[in-house]
S.K.: 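Pasting in a structure now, in structure tokens, and then I'll have a few things to ask.
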Amino acid sequence: MPGISGSGGVPAPEPGSFPVEGLLAWYRLHRRSLPWRETRDPYRVWLSEVMLQQTRVSTVVPYYERFLNRFPTVSALAAASEEEVLKVWENLGYYARARQLLKAAKIVVDTYAGIIPDRPEELAGLPGVGAYTAGAVSSIAFGQDVPAIDGNVRRVLCRYFALAGIMADKEGLRYLSGLLAPILPPGRAGDFNQALMELGAVICLPREPLCADCPLGENCLARIHDAPETFPSRREKKKVPVRHAVAAVIRDPLDRVLLVKRQHRGLLASLWKFPGGFAEPGEEPVQTLARSVRDETGIDIRDDVFLGTVRHAYTHFRLRLHVFSCSVSGSRQVNGSCKDYRWAFPGEIRDLPLGRADRQAADLARL
DNA sequence: AAATCGGGGGG
DNA sequence: CCCCCAGATTT
């Protein structure tokens with residue numbers, strides 16, 4: 001069991017002392033008005049929770065509106081193509097969410113008769129729905145008495161109960177879940193969960209918590225210890241490497257440009273890209289250009305002109321994408337191993353889903 | 001348990 | 001530059 005740092009003469013926390021009513025009252029008064037709070041439609045709640053995974057509220061709002069405008073119901077989504085969904089998702093990141101959401105929508109339509117299940121165990125069986133999302137949808141849309149522990153809730157609980165450790169692994173989350181179980185107000189778990197998240201988002205901030213305005217007040221053990229910002233403990237930071245890659249804007253005589261579709265798994269899966277790839281150790285960009293384009297497409301290029309370098313930060317590496325314009329030397333026939341490709345006009349490129357870096361490369365090439 | 005998977009906003 | 005965000009999945 002994860003340790004509780006109840007040293008220093010501070011009494012161990014009593015779950016019974018948790019000011020549930022105070023928190024709920026604060027939430028009723030201060031809750032932000034957000035699009036997904038105007039409804040209890042399970043599809044809309046589900047969509048919001050998936051979009052909000054590792055993504056800020058302010059970022060999600062416009063995507064949420066646009067997505068619902070395009071796919072108003074789970075059956076409308078289930079009938080969509082992956083490329084349509086990815087295009088609407090473009091620049092929101094973590095594109096596996098979009099592909100899994102589409103898969104899950106098809107499952108709901110095909111095996112649940114279009115009815116989104118209400119129990120967390122069944123929800124968690126859907127692609128892209130983990131413990132948090134299952135609890136959130138179940139409690140918010142269906143009023144089930146289950147917890148939903150996201151990063152905000154984890155931080156609030158770690159502080160209130162002065163819990164040592166990171167508490168982000170399965171064991172830690174199970175412990176927090178056990179802590180919440182006796183606190184959850186029956187029939188109001190949806191509001192309670194959202195209240196905890198809202199508190200983490202606007203009061204119990206990671207760096208500088210606004211303790212003076214906190215409805216949990218003097219009961220918070222981290223505040224009593226006078227060190228709320230030290231909970232939960234942080235992961236060690238690993239330094240991220242810089243990786244170099246090239247992108248080839250290859251034009252044909254009709255002024256179309258060659259695009260290839262990425263693999264269905266891995267980074268930016270199923271999005272489109274310009275031909276090219278990562279540099280081998282010690283390789284110069286021009287060499288990378290010729291080699292990676294030939295490897296990927298079978299095409300030999302000529303007349304390469306350097307257009308510029310796009311810098312982009314991913315979670316576990318930083319990218320420097322060197323962009324070149326060029327034309328085909330010899331046959332325009334694309335390799336059989338390159339499954340999905342197309343010669344696209346600039347107008348068509350704008351309608352295909354691209355990652356941020358490739359989109360910037362397109363801008364550099366004035367496409 | 002650790003790595004992977006995006007992108008943007010704020011300090 | 002750094003950090004973190006309504007996490008899930010794979011290795």
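What you see below is based on every heavy atom in this structure, not just the backbone, and it leaves out hydrogens, waters and symmetry mates. Convention: sequence-line order gives letters A, B, ...; per-chain numbering from 1.
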S.K.: Give the nucleotide from the list dC1(C), dG8(B), dA6(C) with an atom nearest to the side chain of R356(A).
M.R.: dG8(B)

S.K.: Look through every strand shown and name the nucleotide pairing with dC2(C) as Watson-Crick or G-U wobble, where both distances are under 3.5 Å.
M.R.: dG10(B)

S.K.: Quick one: do E84(A) and R70(A) make a salt bridge, cutoff under 4.0 Å?
M.R.: yes

S.K.: Of the listed nucleotides (dA8(C), dA6(C), dC4(C)), which one gets closest to any side-chain atom of R56(A)?
M.R.: dC4(C)

S.K.: Can a salt bridge be assigned to the pair E198(A) and R32(A) using a cut-off of 4.0 Å between side-chain N and carboxylate O?
M.R.: yes

S.K.: As a test of understanding, state which of R262(A), K273(A), K261(A), R291(A) forms a salt bridge (Lys or Arg N to Asp or Glu O under 4.0 Å) with E296(A).
M.R.: K273(A)

S.K.: Which nucleotide wins on minimum distance to the side chain of H312(A), given the candidates dA6(C), dG7(B), dC5(B)?
M.R.: dG7(B)

S.K.: I want to verify a distance call: between dT11(C), dA6(C), dC5(B), whose nearest atom is closest to the D150(A) side chain?
M.R.: dA6(C)

S.K.: Which nucleotide in the list dC1(C), dC3(C), dG7(C) gets nearest to the side chain of R311(A)?
M.R.: dC1(C)

S.K.: Counting side-chain heavy atoms from CB outward, which of dG8(B), dG7(C), dA1(B) is closest to D169(A)?
M.R.: dA1(B)

S.K.: Measure from the side-chain heavy atoms of H316(A) and tell me the nearest of dA6(C), dG7(C), dT4(B).
M.R.: dT4(B)

S.K.: Does the pair R294(A)/D300(A) count as a salt bridge with the N-to-O cut at 4.0 Å?
M.R.: yes

S.K.: Please pick, from dT10(C), dA3(B), dC5(C), the nucleotide with the shortest atom-to-atom distance to any side-chain atom of K238(A).
M.R.: dA3(B)

S.K.: Given dC2(C), dG6(B), dC5(C), which nucleotide is nearest the side-chain atoms of R318(A)?
M.R.: dC2(C)

S.K.: Taking the same atom, C1', in dC5(C) and in dC5(B), what whole-Å distance lies between them?
M.R.: 14 Å

S.K.: Please tell me which of the listed nucleotides, dA8(C), dA6(C), dG7(B), lies nearest to the side chain of Q53(A)?
M.R.: dA8(C)

